Amino acid sequence: MFILTRALQLTVVLFVVSALTFLLLDLLPGDPVHAILGLRATEEAVARLTAELSLDQPVHIRYLDWLGAALRGDLGSSYINHVPTAQAIAEHLPVTLQLVAVSQAIALAIAVPLGVYSAHRPNGWVDRLASGFTFATLSVPPFMMGVLLVFVFAVTFNVFPATGYTSFGADPAQALRSLFLPALTLALGSLAVYVRALRADMIATLRQDHVTTARAKGVPARTILWRHALRSSSLSLVTVVALHVGALTGGAILVEQIFALPGIGQLTVNSIFQHDYLVLQSCVLVIAVSYVLVTFLADLLYPLLDPRTRHG
Amino acid sequence: MTDQAPLLKVVGLKTFFHTPRGIVRAVDGVSFELAGDRTLAILGESGSGKTVLARSIMGLLPRSGVTRQGSVLYKGENLAEMGERELRRRRGADIAMVFQDPMTSLNPVHRIGRQVGETIRLHRRVSRGEARRRSVTLLRSVGIPDVERRARQYPHQLSGGMRQRVMIAMALACDPGLVLADEPTTALDVTAQDQILTLLAAQRARRSMGLLLVTHDLGVAAGRTDEIAVMYAGRIVEQAPTERLFAAAKMPYTEALMKSIPKLSDPPHTRLAAIPGRPPDLVDPGPGCAFAPRCRYSAARCAREAPPLRTIPGTRHRYACWHPVGGES
């Protein structure tokens, strides 16, 4: 029942998002014909290509055409280089997914211990240091942070490559190395929010009676933190991680540009500049789907973390 | 308690909280003894310091912002001087605690069986399976029906009374010498209250443990205790064997407490004899008897000088009052 409702919601969201983007793209100045032929193309050539790409049709007809084909599994091909859109997505999406996965692994590996120990002794030195550090990283925009990290790790110490992408299948170690700096850039942007979310929930949990019960049983402080309090304190964290993962899947645009990663963000940017509507439309679709899927996964996680949310 | 050392001996225990308003003297020089197989009730209204007293004995209060003085001798060992590690080995194993609200005192995300088993595994070298077997036996002994299924459930799937039984099973898991029950029945409905008190009394007798029963309810204290210590403003103001306390209370506060219980034999529309005023502010108690402002017998001396806790010769009855009910002895 829950899954069915979700699936229905997903469908509605996708329709609305795809219709809105189609409309918005139509309002953009410029068109793919001039992007392909150049500004000095003859009028006949422009008219011919416009008809060829069905750009002479009104926007709602083009949308319905696209929708009909998409429902049959055909996302069309790029106006510019005629690569099937599905193929372009299949090439770019894994890069972004790997980037997001590594960045979240880094962010959580830092944020969870920081959040837990900040809550253990609020206003203690760990807490102050963590809050200072995470807010400093939050207030540096990603393009600055990226350049800074490149300067330190790639230029000065030369431990990680500055740009480029190696497929995980080809060379896992090299893939991780090439993903490290962009992933760290993204992770540092998420860190402050994660630590805050976990810290606040942990502090609330540690004030609860069952923590006193655990202490009265003789449970050591570390066990209380990690095994008694962390799980029931992780609901807010799961929520913000889901939102970040959803946002990053479509929105790691700046970082992908800085580090020259051929991800979905780069595909999106290129298709915008080239007025490559069909590709852009599919990118937006991918972003919308990933958002809904990630929040759906988070919803499935809640009852695993807290059994009280299982019944009604 | 004459020749053998008491199970628990609290001497001059003081617990002060440092707050922005000043120092709160929550427990202000409490001394008492509890023999190995007896039940002592600590009776007092909200804010009298009884819960803080129980937590001070266990060393469960936060370290920062709290001053604790005096000694807490359990079987002759001073818990007040122990480090966290030593204290932890005794908590749950030698001294166990049952809390007020079973709705919030169990971990909501762990199964019942695991929570009971955890206490065993913390203090006894047993396998996971053995801990599970023991916790099932324990849960059965505290009257949980359908134990195998209940042990796999989460706290929210049990009623309040059942949860308090789980708390008791957890407290008994390592055969402690002493159980501190802090208002164990306050959050329960009346029928469950009686069942839980009976269960505690039966288990106490069977295991010959000491039981410290903290309560605000004179009725709870009356039924199943050997002795009652009445607390007011962080101090014990009267202590006597239960029957004697009810028969010959000396301290006007104890008398007022007893009079404030409605009786079925009273004619209809009898005014309830409530105690006027409010419990004193523990930040700056002043030099005199803390109860003096609310006391019907209070005289000039009561406001000037706090009465010491005196024992009536030849009895186990002590009280702190300059003008005791019914005279000096």
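Predicted model only: the values in this text are computed from it and were never measured.
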Test your reading of the model: is there a side-chain donor-acceptor pair from A/His210 to the backbone of B/Val109, 3.5 Å cut-off? no
Would a distance-only check, ignoring hydrogens and angles, find a side-chain to backbone donor-acceptor pair under 3.5 Å from B/His110 to A/Arg227? yes
Quick check: closest heavy atoms across B/Pro108 and A/Pro307, and the distance to 0.1 Å? O-CG, 3.3 Å
Please find the pair of heavy atoms, one from B/Leu60 and one from A/Arg215, that lie closest to each other, and give the distance. O-NH1, 2.8 Å
Contact check, side chains of B/Asn107 and A/Thr213, non-hydrogen atoms, under 4.5 Å: no
Any side-chain heavy atom of B/Glu118 sitting closer than 4.5 Å to one from A/His228? yes
With only heavy atoms counted, which part of A/Val219 is less than 4.5 Å from chain B, the side chain, the backbone, both or neither? both
Counting only heavy atoms from other residues, nucleotides and ligands, does the tally under 6.0 Å from CZ of A/Arg121 exceed 12? no
Quick test of your reading: applying side chain to side chain donor-acceptor pair (under 3.5 Å), list the pairs with at least one residue in residues 293-306 of chain A, sequence neighbours left out, ordered by first then second residue. A/Arg6-A/Asp299, A/Thr239-A/Tyr302, A/Asp306-A/Arg308
Which portion of B/Arg121 sits near chain A, non-hydrogen atoms under 4.5 angstrom: neither
If the contact rule is any heavy atom under 4.5 Å from chain A, which residues of residues 82-106 of chain B qualify, in numerical order? B/Glu84, B/Arg88, B/Arg91, B/Gly92, B/Ile95, B/Met97, B/Phe99, B/Asp101, B/Thr104, B/Ser105, B/Leu106
